[in-house]
Amino acid sequence: MATTDSDVDDADLRSSLSLRELDIPNRIAVSPMCQYSCETDGLPTEWHRVHLGSRAVGGAGIVMTEATAVEPRGRITPHDLGIWTDEHATELEPITQFIREQGSVPAIQLAHAGQKASKAKPWEGNLPLQPDDGGWEVLSPSPDAYPSFPGDRPAMRKATVEDIQGVIDAYRDAAERALDAGFEIAEVHAAHGYLLHEFLSPVTNHREDDYGGSFENRTRFVREVAAAVREVWPDDKPVFVRISGTDWLDDRESWDAEQSARLAADLAEIGIDLMDVSSGGLHPDERIDGGPNFQVPLAERVDEGADLAVGTVGGITEPEQADALVRNGRADLVFVGREFLRDPYFGLRAADELDGEGESAWPIQYRRAVQ
């Protein structure tokens, strides 16, 4: 396991984790999960305030926003959360304040959807939107990249070097706004087939310039974005990067666990503090062997190759299961997604089941329900 300030032999799910000068009260993080619940301005709504705030009340050590677009064309749908203006930061600040008041750490995932942008909401078909229907031109590392979804694509163009620099600047500006909004952790989203992952994988990156071809070139964009965010993020606060540990495309040249471990080592040198290891999301041909802990081996491989903390996600639904991942040194941090949708109080349930804290772990307003 990567070395952190709080490493002890008896670390468990309920023990604190210190990254730089930030103390995280436990090893449970709410995984970023898109809500598609903004108006078309990217501003948070009461839904976001209640959705994120209730998970902080529910005992999560870290509450992370959904993928938050660094520029308008970086949204998956017109209804994604954004942070491309100062107004976004102003509207997010009351949410981060409430999260902090509950003893949790507010975190933000900074994202750009790339060629997977300009879609309808999932429950409205998830099909590409044309400009006349509220869509927009999308960026791709290569114009011949295989589309991730069916339907007539909106205008797509190969990102120029100027486009790439513009996106890097957008990440830097978004990180500064996120800091103004009160977030303690910034995470760069480089997974799930979105723009940075599209550059990492040879499946979607067919470029022949400094941003394509070799491992060094394909990872250049991610390294430059991570460096830009780290440059403006305070030295006493951590920066995470989420990656897809594998494309799940073993029948062709693709992104895999070995490259993920190598990238993690490079990012550690930049000053990235934790790799949040997920997988897939790039291509319709991927075949994922799901199940409990199915992505944990990817996190372990990354952990072997780099001196930074590692988070894992995927099929984690029970407190004892999550606790075992930390106790056995398989991860420093456990990201819980769908189980937090089913049970906003998963963190409190873990405190009860693992520590026997019972009612003392619950907010005083709720204790009559658990006495």
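These numbers come from a predicted model, not from an experiment.
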Margin query: If you apply the rule side chain to side chain contact (heavy atoms under 4.5 Å, CB included), what do you find for V241 with I243, and how did you get there?
Written below: CA-CA 6 Å; V241 174; I243 60 168; 4.0 Å; yes
Check: Side chains of F215 and Q259: closer than 4.5 Å at any heavy-atom pair?
Finding: yes
Next item on the list: Dump the intermediate steps for side chain to side chain contact (heavy atoms under 4.5 Å, CB included) on V167 and F221, then the final yes or no.
Entry: CA-CA 9 Å; V167 171; F221 194 8; 3.7 Å; yes
Item checked: Closest contact, heavy atoms only, L13 versus D323 -> N-OD1, 2.9 Å
Notebook entry, point to check: Charged N to carboxylate O under 4.0 angstrom, R14 versus D12?
Noted result: no
Notebook entry, point to check: Linking I/L/V/M/F/W/Y whenever any side-chain heavy atoms sit under 4.5 Å apart, do I270 and I164 land together?
Noted result: yes
Margin query: Strictly below 4.0 Å, N to O, side chains only: are K237 and D273 in salt-bridge contact?
Written below: no
Note to self: Is there a continuous path of hydrophobic side-chain contacts, each under 4.5 Å between heavy atoms, that joins V30 to I316?
What the structure shows: yes
Checklist line | Donor + acceptor pair across side chains of Y211, E224 (<3.5 Å) | finding: yes
Note to self: Checking the side chain of T246 only, and the main-chain atoms of D256 only, is there a donor and an acceptor separated by less than 3.5 Å?
What the structure shows: no
Item checked: Electrostatic pair E318:R349 at N-O distance under 4.0 angstrom -> yes
Item checked: Trace of the side chain to side chain donor-acceptor pair (under 3.5 Å) decision for D23 with S16 -> CA-CA 7 Å; D23 291 324; S16 64; 5.9 Å; no
Checklist line | Nearest-0.5 Å distance, CD of residue E269 to CG of residue D307 | finding: 10.5 Å
Check: Given side chains that start at C-beta, do those of P44 and L52 come closer than 4.5 Å, heavy atoms only?
Finding: no
Item checked: S118 to V138 - nearest heavy-atom pair and separation -> CB-CG1, 3.8 Å
Check: Short question: side chain of S254, backbone of D250 - any donor-acceptor pair under 3.5 Å?
Finding: no
Next item on the list: Applying side chain to side chain donor-acceptor pair (under 3.5 Å), run through W255 and S260 and close with a yes or a no.
Entry: CA-CA 8 Å; W255 185 258; S260 294; 2.8 Å; yes
Margin query: Under the rule for side chain to side chain donor-acceptor pair (under 3.5 Å), what residues qualify as partners of D266, not counting sequence neighbours?
Written below: none
Check: When you measure from the side chain of D133 to the backbone N and O of G135, does any donor-acceptor pair fall under 3.5 Å?
Finding: no
Next item on the list: For the pair R157 and E137, find out whether any cationic side-chain nitrogen is under 4.0 Å from an anionic carboxylate oxygen.
Entry: yes
Margin query: side chain to side chain donor-acceptor pair (under 3.5 Å), that's the test. Do E93 and Q97 meet it? Break it down for me.
Written below: CA-CA 6 Å; E93 188 173 10; Q97 180 178 344; over 6 Å; no
Next item on the list: Please name the pair of heavy atoms, one in W136 and one in R73, separated by the smallest distance, quoted to 0.1 Å.
Entry: NE1-O, 3.1 Å
Check: Short question: side chain of S140, backbone of P143 - any donor-acceptor pair under 3.5 Å?
Finding: no
Check: Can you name the nearest heavy-atom pair linking C34 to I76, along with the distance?
Finding: SG-CD1, 3.8 Å
Next item on the list: Write out all pairs satisfying ring-ring contact (aromatic ring centres under 6.0 Å, His included) with one or both partners inside residues 66-112, taking only residues at least two apart or from two chains.
Entry: W84-H88
Notebook entry, point to check: Out of curiosity, T312 OG1 to Q295 CD, how far, rounded to the nearest 0.5 Å?
Noted result: 6.5 Å
Next item on the list: Could you check if a side-chain atom of D285 sits within less than 4.5 angstrom of a side-chain atom of W248, using non-hydrogen atoms only?
Entry: no
Item checked: Quiz item: cation-pi between R368 and W362, 6.0 Å / 45° -> no
Note to self: Taking L43 as the starting point, is it possible to reach V70 by hopping between hydrophobic residues whose side chains are less than 4.5 Å apart?
What the structure shows: no
Note to self: As a quick check of understanding, evaluate side chain to side chain contact (heavy atoms under 4.5 Å, CB included) for N293 and Q321, giving each step before the final call.
What the structure shows: CA-CA 9 Å; N293 296 346; Q321 174 193 10; 2.8 Å; yes
Margin query: Between D276 and R242, does any NZ, NE, NH1 or NH2 come within less than 4.0 Å of an OD or OE carboxylate oxygen?
Written below: yes
Check: Is the closest basic N to carboxylate O distance between E198 and K116 below 4.0 Å?
Finding: no
Margin query: Does the structure place the NZ or CZ of R207 under 6.0 Å from the centre of the six-membered ring of F199, at an angle of no more than 45° from the ring's axis?
Written below: no
Margin query: Could you check whether any side-chain heavy atom of E187 comes within less than 4.5 Å of a side-chain heavy atom of P32, counting everything from C-beta outward?
Written below: yes
Checklist line | Residue pairs involving residues 33-47 (criterion salt bridge (Lys or Arg N to Asp or Glu O under 4.0 Å); sequence neighbours excluded) | finding: E46-R49
Margin query: Quick one, F335 with F240, criterion side chain to side chain contact (heavy atoms under 4.5 Å, CB included). Give me CA distance, side-chain angles, the key distance, then yes/no.
Written below: CA-CA 12 Å; F335 286 84; F240 297 178; 4.3 Å; yes
Note to self: Assigning hydrophobic clusters by single linkage (Ile, Leu, Val, Met, Phe, Trp, Tyr; side-chain heavy-atom cutoff under 4.5 Å), is L129 placed with L195?
What the structure shows: no
Check: Counting N and O atoms only, with roles assigned by atom type, does the side chain of H283 sit under 3.5 Å from a partner on the main chain of G280, one being a donor and the other an acceptor?
Finding: no
Check: Taking the side chain as C-beta and beyond, is there a heavy-atom pair between P238 and L274 under 4.5 Å?
Finding: no
Next item on the list: Look up atom CG in N205 and atom NZ in K158, then write down how far apart they are to the nearest 0.5 Å.
Entry: 9.0 Å
Next item on the list: Kindly give the heavy-atom pair with the smallest separation between V313 and S31, and that separation in Å.
Entry: CG2-OG, 3.9 Å
Next item on the list: Mind checking the OG1-CD1 spacing from T68 to I83? Nearest 0.5 Å is all I need.
Entry: 7.0 Å
Notebook entry, point to check: Do F294 and S279 come close enough that some side-chain heavy atom pair is under 4.5 Å?
Noted result: yes
Margin query: When you measure from the side chain of T40 to the backbone of P78, do you find a donor-acceptor pair of N or O atoms at a distance under 3.5 Å?
Written below: no
Item checked: E320, CD atom: more than 12 neighbouring heavy atoms under 6.0 Å -> no
Check: In Å and rounded to the nearest 0.5 Å, what is the CD1 to CZ distance from I168 to R223?
Finding: 10.5 Å
Item checked: Name of the residue among Q35, H51, H48 meeting side-chain hydrogen bond (donor to acceptor under 3.5 Å, both in side chains) with E66 -> H48
Notebook entry, point to check: Is the shortest heavy-atom distance from the side chain of L282 to the side chain of Y194 under 4.5 Å?
Noted result: no
Next item on the list: Kindly work out whether a path of hydrophobic side-chain contacts (I/L/V/M/F/W/Y, heavy atoms less than 4.5 Å apart) joins L354 to I28.
Entry: yes
Next item on the list: For side chain to side chain donor-acceptor pair (under 3.5 Å), just list the numbers for D247 and S201, CA-CA rounded to whole Å, side-chain angles, deciding distance to a tenth of an Å, and then say yes or no.
Entry: CA-CA 8 Å; D247 289 338; S201 177; 2.7 Å; yes
Next item on the list: Might you point out which heavy atoms bring A265 and A306 nearest each other, and give the distance in Å?
Entry: N-CB, 3.5 Å
Next item on the list: Give a yes or no on this: more than 12 heavy atoms of other residues, nucleotides or ligands lie within 6.0 Å of atom CG of D235.
Entry: no
Notebook entry, point to check: Once you round to the nearest 0.5 Å, how far does CZ of R218 lie from CG of L196?
Noted result: 14.0 Å
Note to self: Any non-hydrogen side-chain atom of P319 less than 4.5 Å from a side-chain atom of F346?
What the structure shows: yes
Checklist line | salt bridge (Lys or Arg N to Asp or Glu O under 4.0 Å) between D180 and R177, intermediate numbers included | finding: CA-CA 5 Å; D180 291 340; R177 293 190 184 101; over 6 Å; no
